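Reviewing the structure listed below.
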Amino acid sequence: MTQTDSMSVFDRRMVRARRDRAAPPLAEADLLVRAPATSIADRLEDVNRRFPRALDLGCHGGEVASAIRGLKGVEWIACCDLSPGFAARSADTVGAAALAADEELLPFADAAFDLIVSGLSLHWVNDLPGALIQIRRSLVPDGLFLGSMLGGETLTELRQAWLRAEAEIEGGAGPRVSPFADVRDAAGLLQRAGFALPVADVDELTVTYEDPIRLMRDLRAMGEMQIVVDCDAL
């Protein structure tokens with residue numbers, strides 16, 4: 001699979017660099033990573049079968065892998081992240097096999113895993129349908145994929161504040177907050193990728209900040225800044 005420049009929305013090299021920078025201090029601002037890890041573990045508990053071989057794709061610091069370890073017969077976990085720094089941190093945290101690889105070019109054989117989980121990484125993928133197809137192929141025929149990604153209403157207040165401020169000061173506004181897929185898009189993409197019985201829903205997490213600077217500092221600490229190609233970054 002190749003990615004042409006015309007298809008690129010996000011600068012993947014910049015994604016990798018910023019995730020590497022975020023890897024050491026992530027624990028200082030990891031709320032948005034821990035929340036989906038708990039949710040994914042809860043969803044897994046509701047499934048009545050066992051998953052011996054699991055992959056945590058876009059593993060950050062191993063939060064999701066740690067949450068699912070030992071659940072539903074998970075015996076072996078591999079951690080994978082675009083960032084070598086996050087992959088190394090996961091290996092230390094979880095004590096699991098870890099590697100750095102791109103979600104858009106997965107290096108795994110077909111039917112390599114019984115379970116694939118992903119917590120807040122796929123929203124930086126340019127070819128999301130292609131990535132989902134590769135995830136499906138990496139699963140055994142009756143395997144399970146549980147993933148979470150930032151949805152269309154994420155950071156709405158920050159997005160609106162940027163637009164109003166730039167329009168007032170500069171007479172125009174650019175996309176300071178990255179675009180996110182909404183739940184209907186996610187359901188359609190899962191179906192398009194060939195998943196059986198795809199389900200997409202919304203979990204809302206409200207976090208209140210005293211000022212926008214603290215919010216932007218936390219986003220930077222998590223490696224979640226704006227990385228649209230040819231666009232000023234947050």
Side-chain angles (χ1 to χ4, degrees), residues 3-5 7-37 55-66 79-94 98-107 117-128 130-131 134-135 147-159 161-162 166 173-181 205 207 209 211-234:
Q3 190 92 23
T4 64
D5 291 341
M7 295 174 61
S8 296
V9 177
F10 303 115
D11 184 336
R12 296 289 289 173
R13 289 176 298 179
M14 187 64 72
V15 174
R16 179 187 295 111
R18 290 184 173 175
R19 288 172 76 87
D20 271 337
R21 184 176 67 185
L26 178 66
E28 301 173 7
D30 65 350
L31 172 63
L32 292 182
V33 179
R34 289 185 284 108
L55 170 67
D56 182 2
L57 183 61
C59 57
H60 291 91
E63 292 78 11
V64 180
S66 296
C79 294
C80 176
D81 200 279
L82 179 65
S83 158
F86 272 144
R89 176 168 176 168
S90 295
D92 292 340
T93 301
V94 186
L99 73 158
D102 195 327
E103 295 95 337
E104 296 182 354
L105 294 168
L106 295 182
V117 294
S118 181
L120 294 190
S121 289
L122 293 177
H123 55 280
W124 289 127
V125 170
N126 285 305
D127 183 12
L128 184 53
Q134 292 182 74
I135 290 170
S148 65
M149 56 188 295
L150 299 180
E153 298 302 314
T154 302
L155 297 177
T156 295
E157 296 86 356
L158 182 61
R159 190 192 311 272
W162 270 118
E166 285 198 313
R176 295 283 182 166
V177 178
S178 297
F180 303 115
L205 175 65
V207 181
Y209 282 83
D211 61 78
I213 302 301
R214 175 62 187 275
L215 168 59
M216 287 185 278
R217 284 175 179 168
D218 277 0
L219 291 174
R220 179 178 292 273
M222 290 185 286
E224 293 292 341
M225 299 80 69
Q226 208 302 35
I227 313 179
V228 173
V229 174
D230 293 332
C231 185
D232 292 338
L234 177 65

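Predicted, not measured: the structure shown is a model, and the values here were computed from it. Along the sequence shown, residues carry numbers from 1.
A donor-acceptor distance shorter than 3.5 angstrom exists from the side chain of D81 to the backbone of C59, with no hydrogens or angles considered. Between the side chain of R12 and the backbone N or O of W124 there is at least one donor-acceptor pair closer than 3.5 Å. Distance alone, capped at 3.5 Å, is enough to place a donor-acceptor pair between the Q134 side chain and the E104 backbone. For R19 (side chain) and S83 (main-chain N/O), no donor-acceptor pair under 3.5 Å exists by modelled atom type.
When all heavy atoms of C80 and A101 are compared, the pair lying nearest together is SG-CB, 3.7 Å. A131 and V125 get closest at one heavy-atom pair: CB-CG1, 3.9 Å. Across every non-hydrogen atom of H60 and L120, the tightest pair is CE1-O, 3.0 Å. Heavy-atom minimum distance, L82 versus A100: O-CB, 4.3 Å. Of all heavy-atom pairs between G61 and F86, the closest is N-CD2, 4.0 Å. The two atoms that bring S121 and E103 nearest to each other are CB-OE2, 3.8 Å, heavy atoms only.
Residues meeting the side-chain contact (heavy atoms from CB on, under 4.5 Å) test with A65, sequence neighbours left out: D56, I77, C79, V94.
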(request) I would like to know whether R214 and D218 meet salt bridge (charged side-chain N to carboxylate O under 4.0 Å, His left out); could you show each step before the answer? (result) CA-CA 6 Å; R214 175 62 187 275; D218 277 0; 3.6 Å; yes
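With values rounded to the nearest 0.5 angstrom, D20 atom CG is found 12.5 Å from R89 atom CZ. Separating the CG atom in D211 from the CZ atom in R217 is a distance of 7.5 Å, to the nearest 0.5 Å. In this structure, CG in L55 is found 8.5 Å from CD1 in I135, a value given to the nearest 0.5 Å.
For the pair V64/P36, no side-chain contact is recorded, criterion being any heavy-atom separation below 4.5 Å from C-beta on.
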